[in-house]
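In what follows, every chain begins at residue 1, and chains take the letters A, B, ... in the order their sequences are listed. What you are looking at is a predicted structure, and each value in this text was computed from that prediction instead of being measured.
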Amino acid sequence: MALPLADLYNTPDERNLLDTMKQGVIGKPLDRPEGPLKVSGTATYSAEWKRSDCAEGFLVLADIAQGTVKAIHADKVLAMPGVVAVLSDEAMIRRSTQGTAGEAPAQDVHTVDYFGQPVALVVAETFEQAREAAQALEIEYDAAAEPVPLDPQSPDAKIEEPSDSKPVKGGDLDKAMREADYAIDVEYDTPGHASAAMEPHATIAEWDGDRLTLRGSYQMLAFNVKEMADCLSISPKHVRILAPYVGGGFGSKLGITHEAVAAAIASKQLDRPVRVVMTRQQVFQTVMRRSETRQRVRLAADAAGKLVGLGHEARVSNLPDEDFAEPVTQATEFLYGGENRLLKVEVARISRMTAGSVRAPGEAVGMQVLEAAMDELAQKIGMDPIELRKRNLPVKVPVEGTPYSSRKLVEALEQGAESFGWDKCKTEPCQTRNGDWWIGMGVASAARVNVMIPAKARVTLKADGTALVETDQTDIGTGSYAILGQIAGEMLGLPMDKVDVVLGDSELPPGAGSGGSFGAISTGSAVMRACEAIRDKLAKAMGCKAEELELQDGSARHGDARQSLGELTGGKDIVEVGSIKPGKTFKDYSQASYGAFFAEVGVHAFTGEVRVRRMTGAFGFGRVLNAKTARSQCLGGMVWGIGSALTEELAFDVRDGHLVNHDLAEYHVPVHADVPALEVILLEERDAAASPLQAKGVGELGICGAAGAVANAVYNACGVRVRSFPLTLDKIIPHLPDPFASPA
Amino acid sequence: MAATTLTARVNGADRPLPADARRTLLDWLREDLGLTGTKKGCDHGQCGACTVIVDGRRINSCLSLAHLHEGDTIETIESIGTADALAPLQKAFVAHDGFQCGYCTPGQICSAKAMMQEFAEGWASAVSEDVAARPEFSTDELRERMSGNLCRCGAYSNIIAAIEEVMATQAQPGRAGA
C-alpha cells in the first residue's frame with residue numbers, strides 16, 4: 001500500500017481521507033472543548049501560576065532612543081523596601097525575537113537601539129515594591145555618536161533591499177504604463193500597527209539545578225526553547241516552556257521577548273522563582289510593531305480592462321541589521337495578471353522598536369492598498385470592480401509560471417456579492433444620502449499565502465477506547481484544541497468526549513506553533529498521520545486494508561465483522577507520532593487562501609466620521625475543520641480590517657523617537673460599537689496540494705484586503721479617495737461635497 | 001502579602017484587605033485571594049478585562065485600590081458559575097463562540113451581567129433616543145453598553161449574539177416595561 005506518509009509533503013494527497021471517514025465530526029461547528037474553563041475564569045494564563053516564594057520583576061525602559069548606558073544608580077533603589085536585585089545583564093535582550101528565528105536576538109541591554117528598550121530589571125518581594133523601585137531607578141546614558149534617523153522618510157535613512165526577498169521583474173512596466181488604455185499610478189501609506197493581544201507578555205521563570213522552566217505566553221514553543229537556550233548559552237534540553245493558554249498573540253509572541261530572558265536570569269541569580277509581567281505601555285513600546293509602509297501602485301490596463309502591467313513598490317522600515325521586512329507585495333505576486341511588472345520592497349534603517357510579524361504580515365497592509373488601487377482603476381474604466389477582478393485572474397502565476405493549487409476567488413466574489421446585495425451598489429459616488437450620512441458600498445479581494453511548517457504530534461489510542469492528542473502546539477484563541485481533537489475523532493471514529501487534547505508543553509512532540517495561519521494545517525496534518533498509522537495497526541488486527549476499515553463511535557467494522565476498539569487493541573495503548581514537513585507541493589503550486597470582502601459604510605456629511613454599517617466576507621481556504629472556530633477567525637480578521645481602515649495607527653514622535661500612543665486609550669482597536677453585523681460565508685473547497693487535510697490557513701485571511709473594501713465604500717459614499725490609512729475624519733472633511741447639496 | 005483587620009465580602013466570604021495601600025482591587029483579587037479569573041489587560045482602565053461587580057455595579061478593578069472597598073460586596077467571574085456548572089451567560093458565550101483566546105472573557109461576562117441589570121433598571125446610554133425614558137432594547141444599545149470591554153480577537157459579533165440570546169430568554173424589562 002503506497003501511502004504518502006513520508007515526512008516531506010511532495011505529492012498532493014488526493015485520497016481525501018477525511019471525507020471517507022464515518023464519525024462525522026470534522027468540519028462541524030462544535031464548541032471549543034476548553035470553553036468552559038475560559039468562560040469561568042479557570043483557564044490558567046502565563047502570570048497566573050502560583051509559585052511559592054516568587055519574586056516580582058519590573059522592567060525599566062530607556063527614555064532615550066540611541067546611546068549607551070553609562071551608569072545605573074542601583075544603590076539607592078536596593079535600599080528601598082523589599083528590593084532584592086537590580087539587573088542589567090549582558091544576556092538580557094534588547095530586541096524582540098523574530099518569528100521562527102530559533103536563536104537569540106540582539107543582546108546586551110547596555111546599548112540602546114530605540115526609545116523604550118528595556119535596559120534593566122528591578123526585582124522585589126511584591127509587585128508594588130518592584131514598580132516603585134523601577135520608577136525610582138536613575139540611569140545615565142551617553143548619546144550615540146552616529147545615530148540612525150528616527151523617521152523612515154528621512155533623506156538620511158539608509159535604504160536596503162530585504163535580505164530574504166528579491167524584486168519581481170517582468171517585461172517593461174514603464175512602457176506598458178505609457179501605452180495602456182487606462183493607467184493608475186498612485187501612492188498610499190499605511191501606519192505602524194500593534195498586535196495588542198489582550199494578555200500582556202508575562203513569564204514566570206524557575207530553575208531546578210541547571211534546568212529552567214518557563215511559564216509564559218508564547219506562540220511557537222519549539223522555537224522559543226531554542227531562542228531562550230541561545231540567550232542563556234545553555235542546552236535547549238534544559239529549557240521547558242509551558243503555555244497551555246495564551247491570551248492572544250497576533251505575531252507578538254512568536255519569538256522570545258524581553259521579560260522572559262530577564263526573568264530567567266533573575267531567577268538564576270536569586271535562586272527562586274521570578275515573575276516578570278510587562279505593563280501594557282511596555283508591551284506597546286518594546287515588543288513588536290508592524291512597519292508603516294509607503295506604497296506605489298501602478299496599474300496598466302487595456303481597453304477591455306485586462307491588466308498588461310502591474311507595479312507594487314513599498315518602503316518599510318526596521319532597525320539596522322534586522323532581517324525582517326514587511327513583505328508588502330507577497331500576494332501581489334500571484335493575485336492578478338499583468339506580465340509587465342515590478343514588485344519590490346525596500347527597507348529604511350531607523351531607530352524604532354523591532355518591526356516584525358503582526359497578524360498577516362505583508363498582505364494585511366499590501367492587500368488593502370492593492371485593492372483600493374484596483375477600485376481606482378475600475379472607477380477610471382467605468383467597470384464593475386468585481387468584473388475587473390474576474391478579468392484579471394491569471395491561469396498561472398505571472399513571471400514564475402507556477403500553477404494554482406485551488407482558488408475560490410471567483411466563487412467568493414460571486415457568492416459574497418449575492419448575499420451582500422452588491423447589485424444595489426451605485427456605480428458613481430454620492431448617490432445615496434440617509435439623513436446626515438452618505439452611504440456607500442465597497443468590495444475587495446482577499447488573499448493570503450498558505451504556509452506549512454514542520455510539525456509532529458503524538459496520538460495515543462488508549463486501551464479504554466479513548467484517544468489522547470499531544471503536541472507542543474499552542475492555542476492562542478485560534479481553535480487548536482477543537483480542531484486537533486476533531487481530526488483525531490474523525491480518523492479514529494470517536495465522539496469528541498472520547499478525545500483529549502493536551503497542548504502547550506515543550507516536552508511534547510513539536511507542532512508548528514501558532515502563526516502565519518500554519519498551525520492548523522501543519523500540526524493537524526501531523527495528527528492525521530499519527531491516526532493513519534494507528535488505523536494501519538487496527539486494520540491489521542482486523543485483517544483488512546486500512547481503507548476498508550470503518551471506525552465509528554468506538555467500533556471497528558469491516559464488512560460484517562465488527563469489534564470494539566478496546567477488543568481490537570487487545571487491551572494495550574497504541575502510540576504513534578505523526579510528522580509532516582513542507583515538500584515539493586509548495587514549489588509546484590502557488591498556494592493561497594482567497595476570499596472577498598463587501599462593506600457598507602456611512603460617512604457623516606458634516607464631520608467626515610466613517611461608520612461601518614455592515615460587512616460580508618466570503619472565504620475559500622480548503623476544508624473547513626470546524627465551521628464555528630473558522631468563522632470566528634474570519635470575523636476577527638474583519639474586525640482588524642475595520643481597525644486598520646479607520647482607527648489603528650502607531651504614532652511616533654520623530655523628534656525623540658518615543659511612541660506617543662502606547663496604550664489602549666490612545667491606540668484605538670475597534671470596540672463593540674465599531675463593529676456592526678458581520679456576515680461570514682465559508683466556501684466548500686478541498687486543496688490536496690496544501691495539506692493531507694485538504695485544508696489551507698484561515699487565521700489571517702479575514703484581514704487581508706478588508707480595509708480596502710472599507711476605503712472603497714468610503715469613496716463610493718462620498719467621493720473622497722483617501723490614500724492614507726487610517727481614514728480618520730481629518731483626512732476626509734476637507735474633500736467632502738457640500739453637505740447641503742442634494743445627492744448628485 | 002500581609003493583611004489588615006479590615007474586610008470586604010468577596011463571592012460571599014469576608015476577606016481581609018491587604019496591608020499595602022498601593023495594592024489595587026485587581027491585584028488583591030488575583031494575587032492575595034487567588035481569584036485569577038479577573039484579568040489584567042492594561043492596568044489603566046482602558047480594556048475592561050478586569051471588570052468585577054461591586055455592590056451590584058461593574059467597575060474596572062484595576063482603577064480602584066483595595067482599601068477603598070472595606071465592607072463592600074464584590075462579585076467576580078468565579079461567583080457567576082463554574083466550569084462544571086456554567087451560568088446561562090457563560091453557556092451562551094461557549095455556544096456562540098463569544099471568545100477566542102479567552103483573556104477578555106471573564107470581564108465581558110461580568111460586564112454583561114451588570115449591564116443587563118442596568119438595562120433592566122432603565123439606565124440610559126449614549127445611544128438611547130430619550131435619556132429620560134426607559135431604553136428600548138436594541139443591538140446598538142448592547143454594543144454601546146459593552147464598548148468598555150475590548151476583545152482583540154474580534155469576537156464582538158458572537159459576544160453580542162450570546163448576550164442577546166440570554167436577554168431574550170430572561171424577563172425583558174426593557175421591552176415589557178417591568
Side-chain angles (χ1 to χ4, degrees), chain A residues 29 31-32 34-45 47-48 50 126-129 131-132 195-200 245-250 277 279-281 475-479 628-629 631-633 635-640 663-665 669-678 702, chain B residues 1 20 22-23 27 30-31 34-47 49 76-78 80-84 86 89-91 93-95 97-106 109 127 139-140 142-160:
Chain A
D31 295 345
R32 293 169 199 258
E34 81 284 12
L37 295 179
K38 286 180 173 174
V39 300
S40 62
T42 44
T44 308
Y45 295 82
E48 297 169 354
K50 205 76 188 165
T126 73
F127 169 68
E128 290 82 358
Q129 290 166 341
R131 180 180 58 191
E132 185 165 349
S195 290
M198 291 307 298
E199 180 200 21
Y245 300 102
V246 178
F250 314 113
V277 184
T279 65
R280 175 56 58 187
Q281 291 79 0
D475 187 330
I476 62 173
T478 38
K628 186 175 287 192
T629 56
R631 176 177 173 273
S632 289
Q633 289 293 99
L635 282 175
M638 288 160 73
V639 171
W640 276 59
D663 60 33
L664 292 165
V669 306
V671 305
H672 276 284
D674 297 320
V675 179
L678 303 179
Chain B
M1 182 178 284
D20 193 332
R22 296 169 297 185
R23 184 142 284 198
D27 286 329
R30 279 171 68 84
E31 307 304 331
L35 297 171
T36 53
T38 306
K39 304 303 181 192
K40 185 185 281 192
C42 73
D43 220 10
H44 274 60
Q46 301 168 346
C47 77
T76 70
I77 186 71
E78 286 87 353
I80 290 179
T82 62
D84 295 330
L86 297 177
L89 201 48
Q90 291 168 315
K91 280 185 191 163
F93 267 66
V94 173
D97 216 28
F99 58 90
Q100 292 178 34
C101 81
Y103 199 75
C104 76
T105 313
I109 290 171
V127 299
T139 307
D140 281 344
L142 297 193
R143 291 191 183 119
E144 169 63 26
R145 290 162 191 260
M146 289 300 295
S147 280
N149 291 85
L150 305 186
C151 169
R152 186 55 160 166
C153 296
Y156 294 126
S157 301
N158 294 346
I159 293 170
I160 293 298

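Interface residue V675(A): backbone and side-chain heavy atoms are both found under 4.5 Å from chain B. Looking at V639(A), only its side chain comes within 4.5 Å of chain B, counting heavy atoms on both sides. Using a 4.5 Å cut-off between heavy atoms, A196(A) touches chain B through backbone and side chain atoms alike.
Annotation: maximal heavy-atom pairing with chain B below 4.5 Å, among S195(A), G637(A), A47(A), occurs at S195(A). Ranking K628(A), E34(A), M638(A) against chain B, the residue ahead of the rest is K628(A), based on heavy-atom pairs under 4.5 Å. Counting heavy-atom pairs closer than 4.5 Å to chain B, the top-ranked of the candidates G248(A), G636(A), S632(A) is S632(A). With chain B as partner, the option from L678(A), D663(A), D674(A) having the largest number of non-hydrogen pairs under 4.5 angstrom is D663(A). With chain B as the partner, the residue from M198(A), Q281(A), R280(A) showing the most heavy-atom pairs under 4.5 Å is M198(A).
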side-chain hydrogen bond (donor to acceptor under 3.5 Å, both in side chains) for T126(A) and D20(B)? Distances and angles first, verdict last.
CA-CA 10 Å; T126(A) 73; D20(B) 193 332; 4.6 Å; no

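Q129(A) is listed as a side-chain neighbour of R22(B), based on a closest heavy-atom distance under 4.5 Å. Residues R631(A) and D97(B) fail the side-chain proximity criterion, which asks for heavy atoms closer than 4.5 Å. Residues F93(B) and K38(A) form no side-chain contact, since every pair of their non-hydrogen atoms from C-beta on lies 4.5 Å or further apart. Put simply, the side chain of I159(B) reaches to within 4.5 Å of the side chain of H672(A), judged on heavy atoms. Contact check for Q100(B) versus Q633(A): side-chain heavy atoms found under the 4.5 Å cut-off. Under the 4.5 Å side-chain criterion, counting only non-hydrogen atoms from C-beta, R152(B) is in contact with F250(A).
Under the rule for a side chain to side chain donor-acceptor pair (under 3.5 Å), the partners of S40(A) that lie at least two apart in sequence or sit in another chain are T42(A).
In this structure, the side chain of K50(A) engages the main chain of E31(B) through a donor-acceptor pair within 3.5 Å.
Between E199(A) and K39(B) there is no salt bridge, since no side-chain nitrogen of the basic residue lies less than 4.0 Å from a carboxylate oxygen of the acidic one.
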